[in-house]
Protein chains: 4
Amino acid sequence: MGVQERREREKHARQEAILEAAREVFFTKGLDQTTIDDVAEQAELSKGTIYLYFKSKEELYISVFTQGIEQLTQQLNALRDQFGQRRADELVLQIKDMYYAFYHKYPEYFYIHSLLYHGRIKGKIDPVIWAASHQQTRICLQVVSDILQRGIDDGLFRPVDAWKAANSLWGAATGVMMMLDDEEHQQMVGMPAKELLDYTTELLIASLRQL
Amino acid sequence: MGVQERREREKHARQEAILEAAREVFFTKGLDQTTIDDVAEQAELSKGTIYLYFKSKEELYISVFTQGIEQLTQQLNALRDQFGQRRADELVLQIKDMYYAFYHKYPEYFYIHSLLYHGRIKGKIDPVIWAASHQQTRICLQVVSDILQRGIDDGLFRPVDAWKAANSLWGAATGVMMMLDDEEHQQMVGMPAKELLDYTTELLIASLRQL
Amino acid sequence: MGVQERREREKHARQEAILEAAREVFFTKGLDQTTIDDVAEQAELSKGTIYLYFKSKEELYISVFTQGIEQLTQQLNALRDQFGQRRADELVLQIKDMYYAFYHKYPEYFYIHSLLYHGRIKGKIDPVIWAASHQQTRICLQVVSDILQRGIDDGLFRPVDAWKAANSLWGAATGVMMMLDDEEHQQMVGMPAKELLDYTTELLIASLRQL
Amino acid sequence: MGVQERREREKHARQEAILEAAREVFFTKGLDQTTIDDVAEQAELSKGTIYLYFKSKEELYISVFTQGIEQLTQQLNALRDQFGQRRADELVLQIKDMYYAFYHKYPEYFYIHSLLYHGRIKGKIDPVIWAASHQQTRICLQVVSDILQRGIDDGLFRPVDAWKAANSLWGAATGVMMMLDDEEHQQMVGMPAKELLDYTTELLIASLRQL
DNA sequence: AATGAATGAGGATTCATTCAT
DNA sequence: AATGAATGAATCCTCATTCAT
């Protein structure tokens with residue numbers, strides 16, 4: 001009895017360890033430039049073992065991605081519980097900072113779009129994993145939308161389409177962060193990513209506010 | 001004498017043809033998934049010929065990128081000439097539409113950041129070409145900035161930092177377009193990219209306006 | 001004491017079960033394309049267990065082969081007991097039908113020659129098992145030879161070399177059956193394997209008959 | 001002009017050289033046990049070059065097979081031209097010897113059936129090449145059938161179905177040769193393959209003869 | 001006896017780049 | 001200048017076998 005449980009636990013732990021190692025290398029080198037050998041070495045396991053836990057390099061990659069989004073979702077859900085205690089505009093700013101911290105830890109997450117775009121990944125992974133990944137993103141956006149709606153209900157924001165505004169905020173934030181991700185680009189612009197992000201968010205929120 | 005000129009002309013024309021072919025395939029498959037054979041076939045040339053004109057796959061890729069930005073720059077410069085005839089806020093909206101059209105034709109341009117980020121490209125290309133690429137981007141942003149400044153001077157916009165606002169607009173626009181680039185993501189959001197772009201731009205400009 | 005016997009029995013039963021499962025997959029996919037995982041799954045056992053009963057994939061394969069030939073031998077021996085009741089030419093026809101039925105059930109047995117030929121197997125299996133496999137084949141041929149000799153003694157067949165004729169019959173039967181084993185080849189020839197087998201046997205027996 | 005011709009010639013010569021090298025190793029080790037490296041080394045070329053001429057290991061294998069059958073076809077066609085000069089039964093014996101010589105040089109050709117049987121090959125090769133391979137086999141059988149028909153028309157053979165008899169002869173010959181292909185099996189039987197082949201053919205022809 | 005996680009050698013295939021013609 | 005044949009390093013994935021539990 002206990003044996004099976006322990007095995008289960010160990011198996012899960014190993015899977016987590018592989019994901020952690022994979023994140024490390026994928027974020028350093030990108031999907032195409034990362035080899036399974038790289039991941040195996042980082043995880044201090046043999047190549048074959050990686051394939052015991054993940055069917056292909058692509059599935060491993062998307063799993064890393066999904067896990068990351070899950071973390072973000074958890075944070076957002078925790079925030080949701082503070083609905084009663086804070087004003088909606090404060091919550092939005094908190095989300096922004098949360099998102100920024102996430103971006104700093106997992107910048108690669110933003111580049112996955114490029115791979116989706118070219119169909120580089122789609123055909124090679126389990127549809128279930130694929131769907132889960134999309135679902136997570138939806139949940140993130142939904143939390144933002146709910147918060148905005150709350151602000152509207154409270155008379156803090158104008159009666160805009162909360163979902164639309166949430167997507168605007170999310171997209172704009174992503175865009176400015178990505179733009180300043182490149183070191184040289186940042187020097188050209190002459191300000192840190194955080195500053196531009198704050199500024200952009202400020203502009204958007206100001207627009208949403210009830211006059 | 002005339003011979004040399006003709007040669008020069010032909011050489012340039014061929015280079016343009018290769019760039020055109022390369023754009024076609026790079027945009028369809030992405031850098032890593034594109035082979036030189038793909039480019040050669042598209043250009044109806046032999047593999048070896050490609051290497052007569054470009055030192056490596058990476059240099060070819062960045063050249064495509066640079067050329068694209070050049071086109072955008074030209075359009076923006078043409079706009080600059082209308083400074084006297086139109087209001088700054090109208091010009092900004094025109095730039096937005098121009099940028100959207102550009103994005104529709106060359107979505108890949110947005111993904112190059114991912115490659116820059118991983119250093120996938122930098123070490124393999126001629127520094128001169130590299131610098132030119134950055135310079136082009138600066139010019140684009142400068143035009144937007146100039147237009148905003150003009151709006152401020154005209155009392156149309158609040159006295160914000162034009163350069164900062166230009167970067168906000170550019171980054172936000174890029175972000176929302178990229179976000180809705182993925183077909184499935186677009187379905188999840190439930191609105192076309194253009195609509196979200198228009199909405200986001202509207203919000204930002206409203207914020208900039210003199211009350 | 002009784003415990004040991006039961007253990008012995010169980011062990012044997014399990015070995016049989018593995019052989020049965022192995023036959024199933026080996027005959028479907030061939031030696032090289034079959035994995036031990038395939039066998040384990042079919043047997044509803046773990047990979048490791050297979051290795052408790054058979055030293056290697058090759059030994060398992062040859063065991064399957066030997067077991068099949070043993071079945072054929074048993075049938076042939078049963079036939080031998082009818083020596084007194086039937087004419088030799090009738091017995092030969094019965095053997096032919098028996099062989100055809102065997103071929104239908106175990107076509108793979110004919111292909112093992114290819115593996116023997118390339119030495120693909122020899123070095124990897126227990127010599128005892130190997131010798132047993134050859135011995136079985138000899139027994140089959142001996143039964144046919146004995147029947148032919150009986151026909152000769154009875155004045156039914158011409159006084160030919162019974163062993164030689166037995167080998168002719170066996171080889172020819174094998175050849176025509178294998179030839180029509182391939183679906184497309186069969187379509188090309190335009191007749192079912194059984195028909196060609198009957199025809200060929202008829203021709204050979206006619207030749208052996210006393211005029 | 002001459003350049004293109006020479007290139008063409010060289011290309012063909014290289015392809016032939018690869019086929020020759022491939023035959024060598026395939027016949028020694030069998031399809032599954034042969035690596036492309038083996039072939040490349042034998043051909044004194046690099047691995048990549050092999051793939052320049054053949055799409056996959058399987059296609060190379062079937063090409064070797066087809067080329068072998070082509071040789072046999074040529075020999076058979078040459079024989080056809082002697083129709084006027086020799087009796088049909090003599091021609092059949094000549095074909096038998098020709099087939100035996102072929103078997104001695106290319107024993108592997110007989111084992112290809114095993115690979116066809118398991119579908120090991122079919123899905124991985126160009127249908128055109130595949131069809132050609134079947135077509136060649138048909139031609140071989142047709143020549144034998146034509147000769148038999150000639151013998152029937154000449155009153156040398158009984159009025160049997162020539163196509164059916166041709167398939168019987170071909171299959172039987174293949175079967176006895178394969179059976180004695182294995183060295184140990186041959187020792188068990190106690191006679192060389194040629195002797196059993198001659199004997200079997202004799203029996204079959206005797207059966208076909210007009211009494 | 002049974003399990004199944006871990007290993008790592010092995011092999012097919014691809015593709016950027018070179019170079020002789 | 002243009003070609004395209006040749007190269008061989010690189011990489012994904014498989015699977016027979018071992019071994020600790």
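Note on naming: letters A, B, ... go to the chains in the order of the sequence lines (proteins, then strands), and numbering restarts at 1 for each one.
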Select from D/Leu52 and B/Tyr53 the residue whose nearest nucleotide in DNA chain F is closer to the 5' end of that strand.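 Closest to the 5' end, via its nearest nucleotide, is B/Tyr53.
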Those residues of residues 8-22 of chain C lying under 4.0 Å from DNA chain E by at least one heavy atom: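 Result for residues 8-22 of chain C: C/Arg14, sorted by number.
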Mind running salt bridge (charged side-chain N to carboxylate O under 4.0 Å, His left out) on C/Arg120 and D/Asp32 for me, showing each step along the way? CA-CA 10 Å; C/Arg120 168 80 182 74; D/Asp32 280 298; over 6 Å; no
Return the set of residues passing salt bridge (charged side-chain N to carboxylate O under 4.0 Å, His left out) with B/Lys124 (not counting sequence neighbours), or none when no residue passes.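 B/Lys124: salt bridge (charged side-chain N to carboxylate O under 4.0 Å, His left out) contacts with B/Glu58.
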Taking salt bridge (charged side-chain N to carboxylate O under 4.0 Å, His left out) as the definition, give me every residue that meets it alongside A/Glu70, ordered by chain and number, with sequence neighbours left out.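 Here no residue qualifies.
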Salt bridge flag under 4.0 Å for residues C/Glu10 and C/Arg14: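 So C/Glu10 does not pair with C/Arg14 through a salt bridge.
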Less than 4.0 angstrom from a charged side-chain N to a carboxylate O is my criterion; do B/Glu8 and B/Lys11 meet it?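 Salt bridge: no.
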Apply side-chain hydrogen bond (donor to acceptor under 3.5 Å, both in side chains) to residues B/Glu16 and B/Gln67 and explain how you reach the verdict. CA-CA 10 Å; B/Glu16 288 295 311; B/Gln67 206 210 25; 2.7 Å; yes
Taking all heavy atoms of A/Leu45 and all of A/Thr49, pick out the closest pair and write down the distance.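 Closest pair (atom of A/Leu45, atom of A/Thr49, distance): CD1-CG2, 4.1 Å.
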On a heavy-atom basis, which atom in A/Leu31 and which in A/Lys57 lie closest, and how many Å separate them?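 Looking at all heavy atoms of both residues, the closest pair is O-NZ, 3.2 Å.
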Fill in the dot-bracket string of DNA chain E, one character per base: . for unpaired, | for a pair to another strand, ( ) or [ ] for pairs within the strand, taking Watson-Crick or G-U pairs under 3.5 Å. .||||||||||||||||||||
May I ask you to verify if any side-chain N or O of D/Thr49 is less than 4.0 angstrom from the OP1 or OP2 atom of F/dA6?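 Negative; the distance criterion is not met.
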For the residue pair B/Gln33 and B/Asp38, confirm or rule out a side-chain donor-acceptor distance under 3.5 Å.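 Checked: B/Gln33/B/Asp38 side chains show no N/O donor-acceptor pair below 3.5 Å.
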Taking CD in A/Glu41 as the centre, count heavy atoms belonging to other residues, nucleotides or ligands within less than 6.0 Å. Is the count above 12?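 No - once you tally the heavy atoms of other residues, nucleotides and ligands closer than 6.0 Å, there are 12 at most.
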Measure CD/C/Glu41 against P/E/dA2 and give the value in whole Å, please.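 Computing the C/Glu41:CD to E/dA2:P distance gives 19 Å.
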Rounded to the nearest Å, what distance is computed from the CD1 atom of residue A/Ile50 to the C1' atom of nucleotide F/dC13?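 Distance check: A/Ile50 CD1 to F/dC13 C1' gives 13 Å.
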Name all pairs fulfilling the ring-ring contact (aromatic ring centres under 6.0 Å, His included) condition that reach into residues 42-63 of chain C, sequence neighbours left out, sorted by first residue then second.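 Sorted pair list: C/Phe26-C/Tyr61.
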If you look at every strand shown and take non-hydrogen atoms under 4.0 Å, does D/Phe54 touch a base, only sugar-phosphate, or nothing?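 It contacts nothing in the nucleic acid.
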Nucleotide by nucleotide, nucleotides 15-21 of chain E touches protein heavy atoms under 4.0 Å in the pattern (B base, S sugar-phosphate only, - none) SSBB--S
